[in-house]
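Written below as structure tokens is the structure these notes are about.
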2 protein chains.
Amino acid sequence: MPKQVDHEERRQAIASALWRIVGANGMEAVSLRHVAAEAGVSMGMVQHYFSSKDEMLLFALESLSARVAARLANGVPAGSPIRTMLLQMLPLDDERRAEAHVVVAFIARAAVEPAIAEAMRRVAGPFQEYIAAEISRAGVPGAWEHAAALLAVLDGLTVHIMVGLQTPEAAVAALDAHLGRLLGEEPAPPGSSA
Amino acid sequence: MPKQVDHEERRQAIASALWRIVGANGMEAVSLRHVAAEAGVSMGMVQHYFSSKDEMLLFALESLSARVAARLANGVPAGSPIRTMLLQMLPLDDERRAEAHVVVAFIARAAVEPAIAEAMRRVAGPFQEYIAAEISRAGVPGAWEHAAALLAVLDGLTVHIMVGLQTPEAAVAALDAHLGRLLGEEPAPPGSSA
């Protein structure tokens, strides 16, 4: 059935190949040629679906965002503590480490490429609104600023884990210290203080 | 005086050229050829000082770190509130935006290149120790974890400013909300809450 090609599936296969390359070798390693080889298709095939490298990157970012949203929807029961949701966004297992590689690479590209930055803003906005609503529900004033700080903590810890500045365990402890202080709960045990 | 070359000065000139390229076009644009052209020297000259691209990057990172440390030493009087020091590390003016471009590019490279990650750890370690000592002096328990979270806030906000997720003003408000909660001061004014 040569005509019965599932185009969406093929686009996804190409996006997956792209993620594997970025995760293993960084954004610098991405080229139409390399992605085609990794996906096992021709360069012409890649170009049929994505007319430029940036178009490929934008599609990958949006697929990644959908994957994270699905994981949050399925893996975090409604009414869970905010911590449960936030832990889903740190690179604490292989799947999320691979995703974080992609995110870090996108961050670097977004800093010099307005179209990529615009896509990241579109993806991140709803997270800040969601977190601000949760903080507001906890009765903490200044929820919008705290949500911005919390997203910064998450992205900063993600970077720190990826660069090895923090172990995953130390990053979780840092997040807990921040959340405890933010939500007015007990701080980290004194034995772990500096 | 053709033999009286200041080698350190020439290395610095090449490193400055590298920073300008990364700041304007990202790490992907860096090549021996491009750096030589930007610095106005031959490729052979660049190779005389730096045998590989990574060697050039490591030198630039260490010079950058020295520049930030000097700014902290000169621009932040001893005994200043921790906020004054932290604000020096956010990309709130052109000079620090250029530095942040370099840092973001290094982060992406460090995530896939162990030698770069090792250099970043060497540079970041003392900052966490310094911040932990300040938090400890303020009598807040769990200083080490809070310092990790605070460094994550700084790096996360830096990324968010660079990508345009937050304006510089919103980033400072987020940092203030975090610091107020951490140090037990008044939270942000209610008018700015979500």
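Atom set for the values below is all heavy atoms of this structure, side chains included, hydrogens, waters and symmetry mates excluded.
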Next on the checklist: Using a 6.0 Å cut-off, check whether atom CG of B/Asp93 has over 12 heavy atoms from anything other than its own residue.
Outcome noted: yes
Checklist outcome for this item: Taking every heavy atom of B/Val163 against every heavy atom of A/Arg121, the minimum-distance pair comes out as O-NH1, 2.8 Å
Checklist entry - Say you draw a straight line from CD of B/Glu145 to CD of A/Gln166; how long is it, rounded to the nearest 0.5 Å? => result 9.5 Å
Checklist outcome for this item: Of the listed B/Val103, B/Leu157, B/Ile116, the one with the largest count of heavy-atom pairs under 4.5 Å with chain A is B/Leu157
Checklist entry - B/Gln128 versus chain A, heavy atoms under 4.5 Å apart: side chain, backbone, both or neither? => result side chain
Item to check | Neighbour count above 12 (heavy atom, 6.0 Å) for B/Arg83 CZ | outcome: no
Checklist outcome for this item: Cut-off 4.5 Å, heavy atoms of chain A, and the answer for B/Ala111 is both
Checklist entry - So which part of A/Leu150 gets closer than 4.5 Å to some heavy atom of chain B, the side chain, the backbone, both or neither? => result neither
Checklist entry - So how far is it from A/Leu151 CG to B/Leu165 CG, rounded to the nearest 0.5 Å? => result 8.5 Å
Next on the checklist: For B/Leu175, which atoms come within 4.5 Å of any heavy atom of chain A: side chain, backbone, both, or neither?
Outcome noted: neither
Checklist entry - Who among A/Glu129, A/His101, A/Met162, A/Glu113 has the most heavy-atom pairs with chain B under 4.5 Å? => result A/His101
Item to check | For the student: nearest non-hydrogen atoms of A/Ala105 and B/Ala108, plus distance | outcome: CA-CB, 4.5 Å
Next on the checklist: Heavy-atom cut-off 4.5 Å, strictly under: side chain, backbone, both or neither for B/Ile135 against chain A?
Outcome noted: neither
Checklist entry - So which heavy atom on B/Ala152 is nearest to which on A/Val153, and how close? => result CB-O, 3.7 Å
Checklist entry - Taking all atoms of both residues into account, what is the closest heavy-atom pair of B/His146 and A/Ala177, and its distance? => result CE1-O, 3.2 Å
Checklist entry - Is a side-chain donor or acceptor of B/Arg181 paired with a backbone partner of A/His178 at a separation under 3.5 angstrom? => result no
Item to check | Cluster overlap A/Val112 with B/Val35, hydrophobic side-chain contacts below 4.5 Å | outcome: no
